[in-house]
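Here's the structure, in C-alpha coordinates; my notes come after.
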Amino acid sequence: MEGLGVLEEMGELTRRGEPFALATVVWRQSPSSSQPGARAIITAGGELHGWIGGACAEPVVISEAQHVMEEGTARLLLLGTPEQFGAAVPDGMTVIPISCQSEGALEVYIEPVLPVPHLVIVGDSPMTRTLASLAGALGWRTDLIRGPDFTSEAADGRSMIVVATQGHDDEDVLERAAAAWPAYLGLVGSRRRGATVLGYLADRGVPRDQLDRVRVPAGLDLGPTTHQEIAVAVLAELVQLRASGALPGPYERRPATESARQAGPEGGRPAARPALVTDPVCGMAVSAGSSRPVPYEGTDYYFCCAGCRQAFEQDPDAYLKRETRC
(Lines give C-alpha, C1' and ligand atoms only; values in the text may rest on other atoms or scores of the structure.)
Protein backbone atom coordinates (compact mmCIF):
# COMPACT_ATOMS: atom_id res chain seq x y z
CA MET A 1 0.00 0.00 0.00
CA GLU A 2 1.30 3.44 -0.89
CA GLY A 3 0.16 6.82 -2.19
CA LEU A 4 -3.62 6.99 -2.42
CA GLY A 5 -3.92 3.67 -0.63
CA VAL A 6 -2.39 5.17 2.51
CA LEU A 7 -4.74 8.15 2.32
CA GLU A 8 -7.76 5.88 1.90
CA GLU A 9 -6.71 3.80 4.90
CA MET A 10 -6.30 6.98 6.96
CA GLY A 11 -9.83 8.01 6.04
CA GLU A 12 -11.24 4.61 6.98
CA LEU A 13 -9.48 4.52 10.36
CA THR A 14 -10.63 8.07 11.08
CA ARG A 15 -14.21 7.18 10.18
CA ARG A 16 -14.10 4.24 12.60
CA GLY A 17 -12.58 6.38 15.34
CA GLU A 18 -9.44 4.24 15.53
CA PRO A 19 -6.15 5.75 16.75
CA PHE A 20 -3.14 5.43 14.47
CA ALA A 21 0.19 7.05 13.72
CA LEU A 22 1.43 8.41 10.41
CA ALA A 23 5.13 7.86 9.68
CA THR A 24 6.73 9.95 6.91
CA VAL A 25 10.28 9.65 5.58
CA VAL A 26 11.68 13.19 5.44
CA TRP A 27 15.31 12.36 4.60
CA ARG A 28 17.33 9.39 3.47
CA GLN A 29 20.97 8.55 3.06
CA SER A 30 21.73 6.33 0.10
CA PRO A 31 21.56 3.41 -0.40
CA SER A 32 18.46 3.22 1.83
CA SER A 33 15.56 1.57 0.01
CA SER A 34 13.10 4.28 1.03
CA GLN A 35 12.54 7.72 -0.46
CA PRO A 36 11.63 11.12 1.02
CA GLY A 37 7.85 11.41 1.17
CA ALA A 38 7.29 7.68 1.65
CA ARG A 39 4.52 7.15 4.20
CA ALA A 40 3.06 4.39 6.31
CA ILE A 41 0.25 4.02 8.83
CA ILE A 42 0.84 2.17 12.08
CA THR A 43 -2.27 0.98 13.90
CA ALA A 44 -2.70 0.68 17.66
CA GLY A 45 -2.27 -3.08 17.26
CA GLY A 46 1.15 -2.66 15.64
CA GLU A 47 0.21 -3.28 12.00
CA LEU A 48 2.11 -1.27 9.39
CA HIS A 49 0.38 -0.28 6.14
CA GLY A 50 2.51 1.44 3.55
CA TRP A 51 6.26 1.71 3.10
CA ILE A 52 8.96 3.48 5.09
CA GLY A 53 11.86 1.09 4.53
CA GLY A 54 12.82 -2.54 4.87
CA ALA A 55 13.31 -4.90 7.78
CA CYS A 56 15.89 -2.64 9.40
CA ALA A 57 13.50 0.25 9.99
CA GLU A 58 10.06 -1.32 10.39
CA PRO A 59 10.31 -2.85 13.91
CA VAL A 60 11.74 0.35 15.36
CA VAL A 61 9.18 2.57 13.63
CA ILE A 62 6.29 0.38 14.82
CA SER A 63 7.49 0.44 18.42
CA GLU A 64 8.14 4.19 18.39
CA ALA A 65 4.76 4.84 16.74
CA GLN A 66 2.97 3.06 19.58
CA HIS A 67 4.87 5.21 22.08
CA VAL A 68 3.80 8.28 20.09
CA MET A 69 0.14 7.22 20.25
CA GLU A 70 0.31 6.63 23.99
CA GLU A 71 1.94 10.01 24.65
CA GLY A 72 0.00 11.96 22.02
CA THR A 73 3.20 13.74 20.97
CA ALA A 74 4.95 13.62 17.59
CA ARG A 75 8.53 12.40 17.35
CA LEU A 76 11.34 12.81 14.81
CA LEU A 77 13.58 9.75 14.50
CA LEU A 78 17.04 9.44 13.04
CA LEU A 79 17.75 5.81 12.17
CA GLY A 80 21.33 4.78 11.50
CA THR A 81 24.63 4.23 13.26
CA PRO A 82 25.99 6.82 15.73
CA GLU A 83 29.14 7.16 13.64
CA GLN A 84 27.09 8.47 10.72
CA PHE A 85 25.87 11.52 12.62
CA GLY A 86 28.32 12.29 15.43
CA ALA A 87 27.61 15.64 17.10
CA ALA A 88 25.53 16.94 14.18
CA VAL A 89 22.21 15.68 15.56
CA PRO A 90 19.77 18.58 16.26
CA ASP A 91 18.09 18.91 19.66
CA GLY A 92 14.74 17.19 19.93
CA MET A 93 15.61 14.42 17.50
CA THR A 94 15.59 10.81 18.72
CA VAL A 95 18.56 8.82 17.44
CA ILE A 96 18.06 5.06 17.25
CA PRO A 97 21.07 3.04 16.13
CA ILE A 98 20.37 0.46 13.46
CA SER A 99 22.97 -1.51 11.55
CA CYS A 100 21.64 -2.19 8.08
CA GLN A 101 23.93 -4.01 5.69
CA SER A 102 23.12 -1.29 3.14
CA GLU A 103 24.66 1.30 5.52
CA GLY A 104 21.79 3.64 4.66
CA ALA A 105 20.03 5.96 7.11
CA LEU A 106 16.57 7.47 7.49
CA GLU A 107 14.91 10.43 9.14
CA VAL A 108 11.29 9.58 9.97
CA TYR A 109 8.63 11.90 11.37
CA ILE A 110 5.92 10.08 13.34
CA GLU A 111 2.75 11.90 14.34
CA PRO A 112 -0.24 10.56 16.28
CA VAL A 113 -3.71 10.74 14.79
CA LEU A 114 -6.05 10.26 17.72
CA PRO A 115 -9.86 10.17 17.56
CA VAL A 116 -11.85 13.00 19.05
CA PRO A 117 -14.21 12.16 21.95
CA HIS A 118 -17.37 10.37 20.83
CA LEU A 119 -20.62 11.35 22.54
CA VAL A 120 -23.88 9.53 21.88
CA ILE A 121 -26.98 11.35 23.11
CA VAL A 122 -30.19 9.34 23.16
CA GLY A 123 -33.42 11.32 23.25
CA ASP A 124 -35.24 14.16 21.55
CA SER A 125 -35.72 17.28 23.65
CA PRO A 126 -34.42 20.84 24.04
CA MET A 127 -31.86 19.47 26.52
CA THR A 128 -30.46 16.85 24.15
CA ARG A 129 -30.26 19.33 21.29
CA THR A 130 -28.45 21.85 23.51
CA LEU A 131 -26.02 19.16 24.69
CA ALA A 132 -25.30 18.11 21.11
CA SER A 133 -24.63 21.72 20.13
CA LEU A 134 -22.28 22.32 23.08
CA ALA A 135 -20.34 19.10 22.45
CA GLY A 136 -20.04 20.00 18.79
CA ALA A 137 -18.55 23.37 19.76
CA LEU A 138 -15.80 21.43 21.59
CA GLY A 139 -15.03 19.51 18.40
CA TRP A 140 -16.42 16.24 19.74
CA ARG A 141 -17.96 13.70 17.39
CA THR A 142 -21.58 13.78 18.47
CA ASP A 143 -24.52 11.55 17.52
CA LEU A 144 -28.03 12.58 18.53
CA ILE A 145 -30.31 9.55 18.25
CA ARG A 146 -33.99 9.04 19.02
CA GLY A 147 -34.68 6.33 21.58
CA PRO A 148 -36.41 3.88 19.19
CA ASP A 149 -33.51 4.22 16.72
CA PHE A 150 -30.71 3.58 19.21
CA THR A 151 -28.81 0.27 19.14
CA SER A 152 -25.72 -0.97 20.98
CA GLU A 153 -23.77 -0.77 17.73
CA ALA A 154 -23.98 3.04 17.85
CA ALA A 155 -21.24 3.12 20.51
CA ASP A 156 -18.11 1.27 21.58
CA GLY A 157 -15.73 1.09 24.51
CA ARG A 158 -14.44 4.65 23.98
CA SER A 159 -17.86 6.26 23.59
CA MET A 160 -19.77 8.29 26.16
CA ILE A 161 -23.53 7.68 26.21
CA VAL A 162 -26.10 9.99 27.76
CA VAL A 163 -29.62 8.57 27.93
CA ALA A 164 -32.24 11.33 28.14
CA THR A 165 -35.41 9.67 26.91
CA GLN A 166 -37.49 11.24 29.72
CA GLY A 167 -39.61 8.23 30.57
CA HIS A 168 -40.05 6.98 27.01
CA ASP A 169 -38.74 3.40 27.13
CA ASP A 170 -35.90 4.37 29.49
CA GLU A 171 -35.43 0.75 30.56
CA ASP A 172 -35.05 -0.69 27.06
CA VAL A 173 -32.76 2.10 25.89
CA LEU A 174 -30.56 1.90 28.99
CA GLU A 175 -30.25 -1.87 28.63
CA ARG A 176 -29.06 -1.50 25.04
CA ALA A 177 -26.67 1.26 26.06
CA ALA A 178 -25.17 -0.81 28.90
CA ALA A 179 -24.58 -3.71 26.51
CA ALA A 180 -22.16 -1.48 24.54
CA TRP A 181 -19.84 -1.18 27.59
CA PRO A 182 -19.20 2.52 26.93
CA ALA A 183 -16.56 4.50 28.76
CA TYR A 184 -19.35 6.56 30.32
CA LEU A 185 -23.07 5.87 30.68
CA GLY A 186 -25.36 8.41 32.31
CA LEU A 187 -29.12 8.58 32.73
CA VAL A 188 -30.72 12.03 32.89
CA GLY A 189 -33.41 11.92 35.54
CA SER A 190 -33.96 12.00 39.28
CA ARG A 191 -32.29 9.58 41.68
CA ARG A 192 -35.68 8.09 42.45
CA ARG A 193 -36.46 7.50 38.78
CA GLY A 194 -32.98 6.07 38.27
CA ALA A 195 -33.38 3.63 41.15
CA THR A 196 -36.65 2.43 39.67
CA VAL A 197 -35.16 1.91 36.20
CA LEU A 198 -32.06 0.12 37.51
CA GLY A 199 -34.14 -2.07 39.82
CA TYR A 200 -36.36 -3.10 36.94
CA LEU A 201 -33.35 -3.99 34.79
CA ALA A 202 -31.77 -5.98 37.63
CA ASP A 203 -34.98 -7.98 37.97
CA ARG A 204 -34.90 -8.54 34.22
CA GLY A 205 -31.46 -10.14 34.50
CA VAL A 206 -29.16 -7.35 33.33
CA PRO A 207 -25.73 -8.07 34.90
CA ARG A 208 -25.01 -6.08 38.04
CA ASP A 209 -21.56 -4.98 36.80
CA GLN A 210 -23.25 -3.27 33.84
CA LEU A 211 -25.80 -1.50 36.02
CA ASP A 212 -23.21 -0.38 38.57
CA ARG A 213 -21.53 1.72 35.88
CA VAL A 214 -24.63 3.84 35.21
CA ARG A 215 -24.46 7.38 36.61
CA VAL A 216 -27.81 8.62 37.88
CA PRO A 217 -28.45 11.48 37.61
CA ALA A 218 -26.00 12.31 34.83
CA GLY A 219 -24.17 15.60 35.19
CA LEU A 220 -22.80 17.75 37.97
CA ASP A 221 -25.23 18.69 40.73
CA LEU A 222 -26.07 22.34 40.04
CA GLY A 223 -29.29 22.36 42.02
CA PRO A 224 -32.59 23.38 40.40
CA THR A 225 -31.82 24.08 36.74
CA THR A 226 -33.46 24.54 33.36
CA HIS A 227 -33.29 21.96 30.60
CA GLN A 228 -30.50 23.90 28.88
CA GLU A 229 -28.56 24.16 32.16
CA ILE A 230 -28.85 20.39 32.61
CA ALA A 231 -27.04 20.07 29.28
CA VAL A 232 -24.25 22.28 30.63
CA ALA A 233 -24.08 20.17 33.82
CA VAL A 234 -23.79 16.93 31.84
CA LEU A 235 -21.09 18.29 29.55
CA ALA A 236 -19.21 19.73 32.55
CA GLU A 237 -19.15 16.30 34.18
CA LEU A 238 -17.82 14.67 31.01
CA VAL A 239 -15.10 17.29 30.64
CA GLN A 240 -14.17 16.90 34.32
CA LEU A 241 -13.95 13.11 34.08
CA ARG A 242 -11.81 13.27 30.94
CA ALA A 243 -9.48 15.86 32.46
CA SER A 244 -9.03 13.78 35.62
CA GLY A 245 -8.21 10.61 33.67
CA ALA A 246 -11.33 8.80 34.89
CA LEU A 247 -12.34 8.18 31.27
CA PRO A 248 -10.01 6.40 28.84
CA GLY A 249 -7.91 8.46 26.50
CA PRO A 250 -8.15 8.05 22.74
CA TYR A 251 -5.45 5.36 22.67
CA GLU A 252 -6.94 3.23 25.43
CA ARG A 253 -9.71 0.87 24.49
CA ARG A 254 -12.24 -1.00 26.58
CA PRO A 255 -14.11 -4.20 25.79
CA ALA A 256 -17.36 -3.77 23.95
CA THR A 257 -18.95 -6.74 25.76
CA GLU A 258 -18.41 -8.75 28.89
CA SER A 259 -17.45 -11.77 26.81
CA ALA A 260 -14.77 -9.66 25.10
CA ARG A 261 -13.62 -8.45 28.52
CA GLN A 262 -13.02 -12.05 29.56
CA ALA A 263 -11.69 -13.25 26.22
CA GLY A 264 -8.61 -11.07 26.03
CA PRO A 265 -7.17 -8.26 23.98
CA GLU A 266 -9.43 -8.28 20.94
CA GLY A 267 -12.04 -5.61 21.44
CA GLY A 268 -10.13 -4.40 24.49
CA ARG A 269 -6.77 -2.71 24.78
CA PRO A 270 -4.54 -2.49 21.76
CA ALA A 271 -2.40 -5.54 21.19
CA ALA A 272 0.91 -5.40 22.99
CA ARG A 273 3.62 -3.77 20.93
CA PRO A 274 6.00 -6.29 19.37
CA ALA A 275 8.94 -7.05 21.65
CA LEU A 276 12.23 -5.67 20.37
CA VAL A 277 15.33 -7.80 20.85
CA THR A 278 18.93 -7.27 19.82
CA ASP A 279 20.49 -9.05 16.88
CA PRO A 280 23.60 -10.53 18.57
CA VAL A 281 25.66 -10.17 15.40
CA CYS A 282 25.12 -6.55 14.33
CA GLY A 283 23.46 -5.13 17.44
CA MET A 284 20.37 -3.94 15.57
CA ALA A 285 16.93 -3.88 17.22
CA VAL A 286 14.65 -6.44 15.59
CA SER A 287 11.12 -7.58 16.32
CA ALA A 288 10.87 -10.92 18.11
CA GLY A 289 8.78 -13.21 15.95
CA SER A 290 9.44 -11.31 12.73
CA SER A 291 11.81 -14.00 11.48
CA ARG A 292 12.73 -17.60 12.16
CA PRO A 293 14.66 -17.76 15.45
CA VAL A 294 17.84 -19.70 16.04
CA PRO A 295 17.68 -21.56 19.37
CA TYR A 296 20.94 -21.83 21.29
CA GLU A 297 21.37 -23.08 24.85
CA GLY A 298 17.72 -22.58 25.69
CA THR A 299 17.37 -19.08 24.18
CA ASP A 300 15.88 -18.00 20.86
CA TYR A 301 17.89 -15.43 18.90
CA TYR A 302 16.47 -13.26 16.10
CA PHE A 303 18.27 -11.58 13.22
CA CYS A 304 17.78 -8.67 10.85
CA CYS A 305 18.89 -10.63 7.80
CA ALA A 306 20.06 -13.98 6.53
CA GLY A 307 23.71 -12.87 6.67
CA CYS A 308 23.59 -12.25 10.43
CA ARG A 309 21.74 -15.50 11.00
CA GLN A 310 24.33 -17.45 9.02
CA ALA A 311 27.24 -15.82 10.85
CA PHE A 312 25.69 -16.66 14.20
CA GLU A 313 24.97 -20.27 13.25
CA GLN A 314 28.62 -20.76 12.27
CA ASP A 315 30.02 -19.53 15.61
CA PRO A 316 27.42 -18.51 18.24
CA ASP A 317 29.92 -18.20 21.09
CA ALA A 318 31.92 -15.56 19.25
CA TYR A 319 28.96 -13.17 19.38
CA LEU A 320 27.51 -14.18 22.74
CA LYS A 321 30.89 -13.83 24.49
CA ARG A 322 31.32 -10.41 22.93
CA GLU A 323 27.84 -9.46 24.17
CA THR A 324 28.69 -10.62 27.70
CA ARG A 325 31.92 -8.58 27.79
CA CYS A 326 29.96 -5.45 26.83
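Predicted model, so just to flag it, every value in this text is computed and none were measured.
Note that CD1 of Ile96 is 11.5 Å distant from CG of Leu106, once rounded to the nearest 0.5 Å. For the atom pair Glu12 CD and Phe20 CZ, the distance stands at 11.0 Å (nearest 0.5 Å). Atoms OG1 and CE, on Thr142 and Met160 in that order, are 8.0 Å from each other to the nearest 0.5 Å. Atom CD1 of Ile41 is separated from atom CG of Leu13 by 5.5 Å, given to the nearest 0.5 angstrom. The structure places CH2 of Trp140 at 8.5 Å from CG of Leu131, a figure rounded to the nearest 0.5 Å. Distance CD/Gln66 to CD1/Ile42: 9.0 Å, rounded to 0.5 Å.
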Pair Ile121-Asp143, side chain to side chain contact (heavy atoms under 4.5 Å, CB included): steps then yes or no: CA-CA 6 Å; Ile121 308 165; Asp143 296 324; over 6 Å; no
Derivation and outcome, salt bridge (charged side-chain N to carboxylate O under 4.0 Å, His left out), residues Arg215 and Glu237: CA-CA 11 Å; Arg215 290 176 176 262; Glu237 180 183 55; 3.5 Å; yes
Intermediate values then yes/no, side chain to side chain contact (heavy atoms under 4.5 Å, CB included), Val162 and Tyr184: CA-CA 8 Å; Val162 175; Tyr184 171 96; 4.1 Å; yes
Decide yes or no on side-chain hydrogen bond (donor to acceptor under 3.5 Å, both in side chains) for Asp156 and His118, but give the supporting numbers first. CA-CA 9 Å; Asp156 61 24; His118 180 215; 5.1 Å; no
When you look at Arg213 and Trp181, which way does the side chain to side chain contact (heavy atoms under 4.5 Å, CB included) test go after all the steps? CA-CA 9 Å; Arg213 300 178 64 245; Trp181 285 97; 3.5 Å; yes
Before you tell me yes or no, could you show the steps for Leu134 and Thr130 under side chain to side chain contact (heavy atoms under 4.5 Å, CB included), namely the whole-Å CA-CA distance, both residues' side-chain angles and the distance that decides it to 0.1 Å? CA-CA 6 Å; Leu134 292 172; Thr130 299; 4.0 Å; yes
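Side chain of Arg158 to main chain of Gly17: a donor-acceptor pair is present (N/O by atom type, distance under 3.5 Å, no hydrogens or angles). Between the side chain of Ser63 and the backbone N or O of Pro59 there is no donor-acceptor pair closer than 3.5 Å. Of the possible donor and acceptor atoms, none in the side chain of Thr299 sits under 3.5 Å from a partner among the backbone N and O of Pro295.
Under the salt bridge (Lys or Arg N to Asp or Glu O under 4.0 Å) criterion, Glu107 pairs with no residue at all, not counting sequence neighbours. Residues that satisfy the salt bridge (Lys or Arg N to Asp or Glu O under 4.0 Å) test with Asp212, not counting sequence neighbours, are Arg208. For Arg129, the salt bridge (Lys or Arg N to Asp or Glu O under 4.0 Å) test picks out Asp124, with sequence neighbours left out. Applying the salt bridge (Lys or Arg N to Asp or Glu O under 4.0 Å) criterion to Asp149, with sequence neighbours excluded, gives Arg146. Taking Glu71 as the reference, Arg75 meet the side-chain hydrogen bond (donor to acceptor under 3.5 Å, both in side chains) condition, with sequence neighbours excluded. Among residues two or more places apart in sequence or in another chain, the ring pair (Phe, Tyr, Trp, His ring centres under 6.0 Å) test is passed with Phe312 by Tyr301, Phe303.
Using a cutoff of 4.0 Å between basic side-chain nitrogens and carboxylate oxygens, Asp169 and Arg176 are not scored as salt-bridged. At a threshold of 4.0 Å, the pair Glu9-Arg15 does not count as salt-bridged, since none of the basic side-chain nitrogens sits closer than that to a carboxylate oxygen.
Contact of the His49 side chain with the Glu47 side chain is registered, since non-hydrogen atoms from C-beta on lie closer than 4.5 Å. Here the side chains of Leu79 and Val61 are in contact, with some heavy-atom distance below 4.5 Å. Between Trp27 and Leu78 there is a side-chain heavy-atom pair separated by less than 4.5 Å. The shortest distance between side-chain heavy atoms of Leu185 and Leu174 falls below 4.5 Å. Within the 4.5 Å cutoff, the side chain of Leu77 has no heavy atoms near those of the Met93 side chain. Residues Thr225 and Leu222 form a side-chain contact, since some pair of their non-hydrogen atoms from C-beta on lies under 4.5 Å apart. Using a 4.5 Å cut-off on side-chain heavy atoms (C-beta onward), Thr165 and Val122 make contact. Side-chain contact between Ser125 and His227 is absent, with no heavy atoms from C-beta onward closer than 4.5 Å.
Heavy-atom contacts from other residues, nucleotides or ligands closer than 6.0 Å to CZ of Arg191 number 12 or fewer. Around the CZ atom of Arg16, the shell of radius 6.0 Å holds more than 12 heavy atoms that belong to other residues, nucleotides or ligands.
Scanning all heavy atoms of the two residues, the minimum distance from Gly194 to Val216 falls at CA-CG1, 3.4 Å. The nearest pair of heavy atoms linking Ala177 to Val163 is CB-CG2, 4.2 Å. Taking every heavy atom of both residues into account, Ala23 and Ile52 meet most closely at O-CG2, 3.8 Å. Taking every heavy atom of both residues into account, Arg141 and Val116 meet most closely at N-CG2, 3.6 Å. Here the closest non-hydrogen pair linking Val281 and Cys308 is CG2-O, 3.3 Å. Of all non-hydrogen atoms in Leu247 and Leu238, the two that sit nearest each other are CD1-O, 4.2 Å.
Remark: the Tyr296 side chain and the Glu313 side chain contain no N/O donor-acceptor pair separated by less than 3.5 Å. A donor-acceptor pair shorter than 3.5 Å cannot be found between the side chains of Asp170 and Tyr200.
Taking hydrophobic clusters as Ile, Leu, Val, Met, Phe, Trp and Tyr residues chained together by side-chain heavy-atom distances below 4.5 Å, Leu119 shares a cluster with Val234. No continuous path of ILVMFWY side-chain contacts below 4.5 Å connects Val120 to Leu138, so the two sit in separate hydrophobic clusters. Cluster annotation: Leu241 is connected to Val232 through the hydrophobic network of ILVMFWY side chains, with a link wherever side-chain heavy atoms come within less than 4.5 Å. A chain of hydrophobic side-chain contacts below 4.5 Å, direct or via other Ile, Leu, Val, Met, Phe, Trp or Tyr residues, connects Val113 to Val6. One hydrophobic cluster holds both Phe150 and Leu211 under the rule that ILVMFWY side chains link at heavy-atom gaps under 4.5 Å.
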